Amino acid sequence: MLTSLLLAALLPLQDAPAQTPPAAAPPAEAPAAAAVPAETPDSVRKFLQDAEAHLYDPQAAGLSSLEFDVPIAMPDPIGTIGTAHVTWAAGGEANVDVTRPADMTLPMGLQPAQVDGQGRQMAMQLLGSMLNKPITPILEGAVAMMDGVEDGLVKVAIRNAAAEAQGVESMSLYFDDAGLLQRVKTVANLESAMGKVKVQQSQAFAWKPAIEGSDLVVADVQKTIADMGMMKISTETSFGYTTVSGIILATTASTTSEVPMKGKMTQTIAATNLKVNGQAVGG
């Protein structure tokens with residue numbers, strides 16, 4: 001699950017929008033050989049804040065709390081092997097509790113800790129999609145620097161000591177001329193059953209208006225390629241949305257992966273037993 005590990009590190013959360021988001025002009029680029037600053041320069045932070053202001057913000061629309069379940073499902077005939085229960089409130093940390101049926105025998109080779117880890121990862125991935133904030137979490141504990149232009153896109157390099165200690169070599173964000181996030185690239189050396197594996201991952205983002213005629217956008221499709229040298233995995237994730245009291249939330253994320261020797265595999269993460277601002281939805 002190397003690609004899933006990187007995905008979990010890259011995507012979750014969101015903050016104040018603008019009714020008509022301003023085009024974000026990149027600040028002056030730092031020299032290629034410049035030392036890493038002690039913290040993100042104000043000009044770069046503003047560039048990233050302006051970029052994130054293009055995105056629809058459910059909190060600005062009135063979202064203050066969420067509660068939902070995510071079934072941890074495996075292909076038939078195994079089916080559901082547990083449930084991740086998520087609680088989140090604005091200004092606080094998300095909490096994820098994973099439960100498994102007491103009388104269930106897990107498939108051979110699957111450990112309880114793996115089920116718990118996958119459940120938490122699925123839950124946080126969906127919560128991040130709901131909050132529609134892909135940039136802010138990356139900046140926590142990190143330093144961002146302008147890094148020139150690549151393939152016609154403004155490049156921002158991210159340095160994170162904790163991530164680097166876990167094998168991340170580099171992480172870069174790419175924005176179009178309007179300041180909308182288009183791509184994230186990560187290079188990491190990760191531990192696997194075969195020893196250290198170098199993973200080069202590229203995520204491409206496609207956005208759509210939150211509602212017809214809106215300048216604010218939500219995720220439409222994300223395409224990811226994880227290159228591990230001898231093996232390359234391609235995934236495409238599409239999102240389904242639910243509107244609750246005028247608040248737009250991504251409540252499903254369906255991912256199709258193209259895995260060598262296994263072919264196409266599809267996994268859908270869906271929120272069940274949803275409560276928005278303390279009120280049950282559809283109940």
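For this chain, numbers begin at 1 and follow the sequence in order. Bear in mind the structure is a predicted one, so any value in this text is a computation, not a measurement.
Listed by chain and number, the residues in a side chain to side chain contact (heavy atoms under 4.5 Å, CB included) with Lys223 are Val221, Glu236 (sequence neighbours excluded). Val244 is linked by a side chain to side chain contact (heavy atoms under 4.5 Å, CB included) to Thr242, Val276, Val281, counting only residues two or more places apart in sequence or in another chain. Not counting sequence neighbours, Tyr174 has no partner by the ring-ring contact (aromatic ring centres under 6.0 Å, His included) test.
Of the possible donor and acceptor atoms, one in the side chain of Glu52 sits under 3.5 Å from a partner among the backbone N and O of Thr136. Side-chain atoms of Asn132 never come within 3.5 Å of backbone atoms of Leu55 as a donor-acceptor pair (strictly under, hydrogens ignored). Judged by distance alone, the side chain of Ser234 and the main-chain N or O of Glu258 form no donor-acceptor pair under 3.5 Å.
By the 4.5 Å heavy-atom criterion applied to side chains, Leu181 and Phe175 are counted as neighbours. Between Met130 and Trp88 the shortest side-chain heavy-atom distance does not fall below 4.5 Å. Using a 4.5 Å cut-off on side-chain heavy atoms (C-beta onward), Lys198 and Val187 make contact. Side-chain contact between Met146 and Val154 is present, with at least one heavy-atom pair separated by less than 4.5 Å. Side-chain contact check for Gln222 versus Phe205: some heavy-atom pair is nearer than 4.5 Å. Side-chain contact between Thr99 and His85 is absent, with no heavy-atom pair separated by less than 4.5 Å. Considering only heavy atoms from C-beta on, Met171 comes within 4.5 Å of Ile138 through its side chain.
Among all heavy-atom pairs drawn from Gly229 and Asp227, the shortest one is N-OD1, 2.9 Å. In plain terms, the two heavy atoms of Met124 and Ala94 that are nearest each other are SD-CB, 4.1 Å. Nearest heavy-atom pair, Ala250 versus Leu126, reported as atom, atom and distance to 0.1 Å: O-CD1, 3.7 Å.
Aromatic ring orientation, Tyr241 versus Phe239: tilted (interplanar angle from 30° to 60°).
Residue Thr243 is tested with Thr251, Ile211, Ile248 for a side-chain contact (heavy atoms from CB on, under 4.5 Å); the sole match is Ile248. Residue Leu66 forms a side-chain contact (heavy atoms from CB on, under 4.5 Å) with just one option from Leu249, Ile247, Asn277, and that option is Leu249.
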* Given the rule in the salt bridge (Lys or Arg N to Asp or Glu O under 4.0 Å) test, do Arg45 and Glu39 qualify, once you have shown the distances and angles that lead to the verdict? -> CA-CA 10 Å; Arg45 186 173 297 278; Glu39 59 184 23; over 6 Å; no

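Under 4.0 Å is where a charged nitrogen must lie from a carboxylate oxygen, and between Asp42 and Lys46 no such pair does.
Atoms OG1 and CD1, on Thr255 and Ile269 in that order, are 6.0 Å from each other to the nearest 0.5 Å. Distance check, rounded to the nearest 0.5 Å: OG of Ser214 to NZ of Lys208 gives 12.5 Å. Put simply, OG1 on Thr40 and CZ on Arg159 are 12.0 Å apart, with the number rounded to the nearest 0.5 Å. The CD atom of Gln182 sits 4.5 Å away from atom CG of Asp176, with the distance rounded to the nearest 0.5 Å.
When only modelled atom types and interatomic distance are considered, Ser257 and Thr235 share no side-chain donor-acceptor pair under 3.5 Å.
Within 6.0 Å of atom NZ in Lys275, 12 or fewer heavy atoms from other residues, nucleotides or ligands are found, so the atom counts as exposed in its surroundings. Within a 6.0 Å sphere centred on CZ of Arg183, other residues, nucleotides and ligands contribute more than 12 heavy atoms.
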